[in-house]
S.K.: 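Pasting a structure here, questions to come.
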There are 2 protein chains.
Amino acid sequence: MPKRVDRHERRRLIADALMRVAARQGLEAVSLRHVATEAGVSPGLVQHYFRTKDEMMAFAMDVVRDRSQARITGAVSRLGEDPPPRHLLRTMLTALLPLTEESRADGRVALAFLAYTAVRPEAAAGTREGTGQLVDFVAGLLPASRRDAAAGVLALMEGLGLYLLGGQYTVEQALAALDTHLDSLYGPADGAPAR
Amino acid sequence: MPKRVDRHERRRLIADALMRVAARQGLEAVSLRHVATEAGVSPGLVQHYFRTKDEMMAFAMDVVRDRSQARITGAVSRLGEDPPPRHLLRTMLTALLPLTEESRADGRVALAFLAYTAVRPEAAAGTREGTGQLVDFVAGLLPASRRDAAAGVLALMEGLGLYLLGGQYTVEQALAALDTHLDSLYGPADGAPAR
DNA sequence: TCTTTTGCGATGCAGTTGCATTGCGAAAGA
DNA sequence: TCTTTCGCAATGCAACTGCATCGCAAAAGA
């Protein structure tokens with residue numbers, strides 16, 4: 001066999017370039033040639049690793065999902081063992097919010113893909129059950145009497161992310177809204193962390 | 001002067017076609033020729049009423065804003081005089097959620113424009129202060145002790161809309177999450193536990 | 001050394017894009 | 001009736017799109 005190449009790594013390289021283009025100029029600016037230029041490779045190489053543009057898009061969407069998943073597990077693992085539920089939940093939620101410039105870029109890409117899949121339901125595959133599991137997990141962190149608020153917590157987080165990206169809310173406003181909501185879920189706050 | 005034509009009405013006709021295309025196939029499919037075909041007019045006419053594509057997009061965004069504004073005032077005006085605050089708030093919020101097939105289409109368009117403006121901040125002009133005013137208005141409907149939850153209510157609504165469009169939540173789940181949240185703001189309606 | 005297989009660049013092509021230009025018919029004022 | 005001016009269609013064009021094809025170089029096995 002001739003030259004061996006880590007195929008998956010090359011695909012990631014290209015997908016990263018795609019995400020940079022999408023974060024800067026939107027999905028409409030994502031073309032084979034733009035992505036190739038951004039990645040510093042030839043257009044032919046992009047075609048070599050993705051037979052079609054749809055395949056490239058699908059792969060990039062997976063990378064976005066993996067990234068946000070990694071964001072959660074990373075932030076959570078930085079907590080100690082058995083953190084208080086409220087603290088754990090807040091850590092997860094803030095990990096998903098576009099608070100830093102870097103995560104804002106990711107957020108813009110995720111938003112672009114959201115609009116993308118809203119019109120191509122067949123491409124939404126993985127997303128569906130992902131949130132389902134998240135809802136269940138969040139429910140386990142809430143006080144027993146408030147388990148039914150799990151779906152609302154996630155929706156609140158998503159909406160705050162949207163307003164953050166749109167510039168309607170500042171970081172402070174978004175965090176304040178989040179903590180206000182957590183207060184109402186865990187009972188009147190005094191001992192609660194980070195306020 | 002020769003033939004007189006209602007210029008604004010023609011522009012609306014074109015913008016409506018644009019929104020139909022965007023709702024069906026996304027903003028990427030919005031081109032002069034597609035919109036013209038959808039509107040049943042010649043491409044030249046579209047160019048006649050919008051000198052550039054950006055101008056057309058900006059006009060369509062205004063129409064989207066007007067439509068959602070009309071959705072609110074329409075739903076509210078269908079209430080009687082001086083409705084209870086919670087009822088008024090719930091009516092407003094459900095008017096903005098993509099619950100019917102028609103409002104789902106509008107929601108997809110709004111989502112597409114959201115991703116569009118996230119990458120072109122200069123095009124977001126009107127949106128910003130719109131939400132600001134809405135937050136203030138919502139705050140006025142909340143119990144005095146919970147005024148600080150206004151931003152969260154709107155964010156929750158936005159997030160529910162997102163999940164509705166994405167198919168993660170059903171209409172029932174979204175409404176349940178909304179009512180659960182309203183319960184915790186206004187106090188338990190009857191047997192339901194709030195905090 | 002020769003052959004085969006793989007990675008990848010180069011080129012070409014039909015279709016689409018936004019936009020500028022041109023021309024023409026029709027309607028209103030003279 | 002003539003003329004001007006507006007409403008709009010038609011055509012053209014350079015730039016771009018995704019994708020198919022071809023070809024070549026390098027590396028591993030023979």
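Below, read A as the first sequence line, B as the second, and so on, with proteins coming before strands; counting in each chain starts at 1.
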S.K.: Not counting sequence neighbours, which residues clear side chain to side chain donor-acceptor pair (under 3.5 Å) with A/Thr100? List them please.
M.R.: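 Partners of A/Thr100 by the side chain to side chain donor-acceptor pair (under 3.5 Å) criterion, ordered by chain and then number, come out as A/Ser103.
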S.K.: What is the ring orientation for B/Phe59 with B/Phe50, classed by angle as parallel under 30°, tilted 30 to 60°, or perpendicular over 60°?
M.R.: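 Tilted.
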S.K.: Can you tell me how far apart CG (A/Leu160) and CG (A/Leu97) are? Round to the nearest 0.5 Å.
M.R.: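 With rounding to 0.5 Å, CG (A/Leu160) is 6.0 Å from CG (A/Leu97).
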S.K.: Does a side-chain N or O from B/His48 land closer than 4.0 Å to OP1 or OP2 of D/dC6, or not?
M.R.: no
S.K.: Expressed as a whole number of angstroms, how long is the span from B/Asp54:CG to C/dC19:P?
M.R.: 7 Å
S.K.: Enumerate the residues from residues 10-26 of chain B whose closest heavy atom to DNA chain D is under 4.0 Å, giving them by residue number; use none for an empty result.
M.R.: B/Arg10
S.K.: Return the value, rounded to whole Å, for the distance between atom CD of B/Glu55 and atom P of C/dG18.
M.R.: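 The distance from CD of B/Glu55 to P of C/dG18 comes to 14 Å, rounded to the nearest Å.
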S.K.: Walk me through whether B/Leu175 and B/Arg90 qualify under side-chain contact (heavy atoms from CB on, under 4.5 Å).
M.R.: CA-CA 10 Å; B/Leu175 287 180; B/Arg90 189 182 192 277; 4.1 Å; yes
S.K.: Rounded to the nearest 0.5 Å, what separation is found between the CE atom of A/Met157 and the CG atom of A/Leu89?
M.R.: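 If we round to the nearest 0.5 Å, A/Met157:CE and A/Leu89:CG are 9.5 Å apart.
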S.K.: Does atom CG of A/Asp82 have more than 12 heavy-atom neighbours from other groups under 6.0 Å away?
M.R.: no
S.K.: Would you mind classifying the nucleic acid contact of A/Val30 as base, sugar-phosphate or nothing, using non-hydrogen atoms under 4.0 angstrom?
M.R.: sugar-phosphate
S.K.: Sequence neighbours excluded and cut-off under 3.5 Å, please list the side-chain donor-acceptor pairs for residues 7-20 of chain A, or say none.
M.R.:
unit_1  : atom_1 : unit_2  : atom_2 : d
A/Arg11 : NH1    : A/Tyr49 : O      : 2.9
A/Arg20 : NH1    : A/Glu38 : OE2    : 2.7

S.K.: Would you indicate, yes or no, if D/dC16 has its OP1 or OP2 atom less than 4.0 angstrom from a side-chain nitrogen or oxygen of A/His34?
M.R.: no
S.K.: List, by chain and number, the other hydrophobic cluster members for A/Leu114, where Ile, Leu, Val, Met, Phe, Trp and Tyr join if side-chain heavy atoms come within less than 4.5 Å, directly or indirectly.
M.R.: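 Cluster partners of A/Leu114: A/Leu111, A/Leu162, A/Leu165, B/Leu111, B/Leu114, B/Leu162, B/Leu165.
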S.K.: Show me, pair by pair, the donor-acceptor contacts under 3.5 angstrom made by side chains of residues 120-130 of chain A, not counting sequence neighbours?
M.R.:
unit_1   : atom_1 : unit_2   : atom_2 : d
A/Arg120 : NH1    : A/Tyr116 : O      : 3.1
A/Arg120 : NH2    : B/Glu28  : OE1    : 3.3
A/Thr127 : OG1    : A/Arg65  : NH1    : 3.0
A/Thr127 : OG1    : A/Ala124 : O      : 3.0
A/Arg128 : NH1    : B/Gly166 : O      : 3.2

S.K.: Between C/dC8 atom P and A/Phe50 atom CZ, what is the distance in whole Å?
M.R.: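 These atoms are roughly 13 Å apart.
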S.K.: Taking the nucleotide of DNA chain D with the nearest heavy atom to each, does A/Ala29 or A/Arg51 sit closer to the 5' end?
M.R.: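 Whichever sits nearer the 5' end wins; that is A/Ala29.
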S.K.: If I take atom CE in residue A/Met56 and atom C1' in nucleotide D/dG18, what distance separates them, rounded to the nearest angstrom?
M.R.: 10 Å
S.K.: Take atom CD of A/Glu28 and atom P of D/dT17, then tell me their distance rounded to the nearest Å.
M.R.: 12 Å
S.K.: Measure the distance from CG on B/Leu45 to P on C/dC24 and round it to the nearest whole Å.
M.R.: 19 Å
S.K.: Nearest whole angstrom, please: distance from the C1' of C/dC8 to the CG of A/Leu32.
M.R.: 15 Å
S.K.: So, OP1 or OP2 of D/dC8: does either fall under 4.0 Å of a side-chain N or O from B/Ser42?
M.R.: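 Indeed not, no polar side-chain atom of B/Ser42 lies that close.
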S.K.: Please report, rounded to the nearest Å, how far the C1' atom of D/dG7 is from the CD atom of B/Glu9.
M.R.: 15 Å
S.K.: Under 4.0 Å between a side-chain N/O of A/Thr52 and OP1 or OP2 of D/dC19, yes or no?
M.R.: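 The answer is yes; a side-chain N or O of A/Thr52 sits under 4.0 Å from OP1 or OP2.
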S.K.: Pull out every protein N or O sitting under 3.5 Å from an N or O of nucleotides 11-15 of chain D, one pair per line with the distance.
M.R.:
none

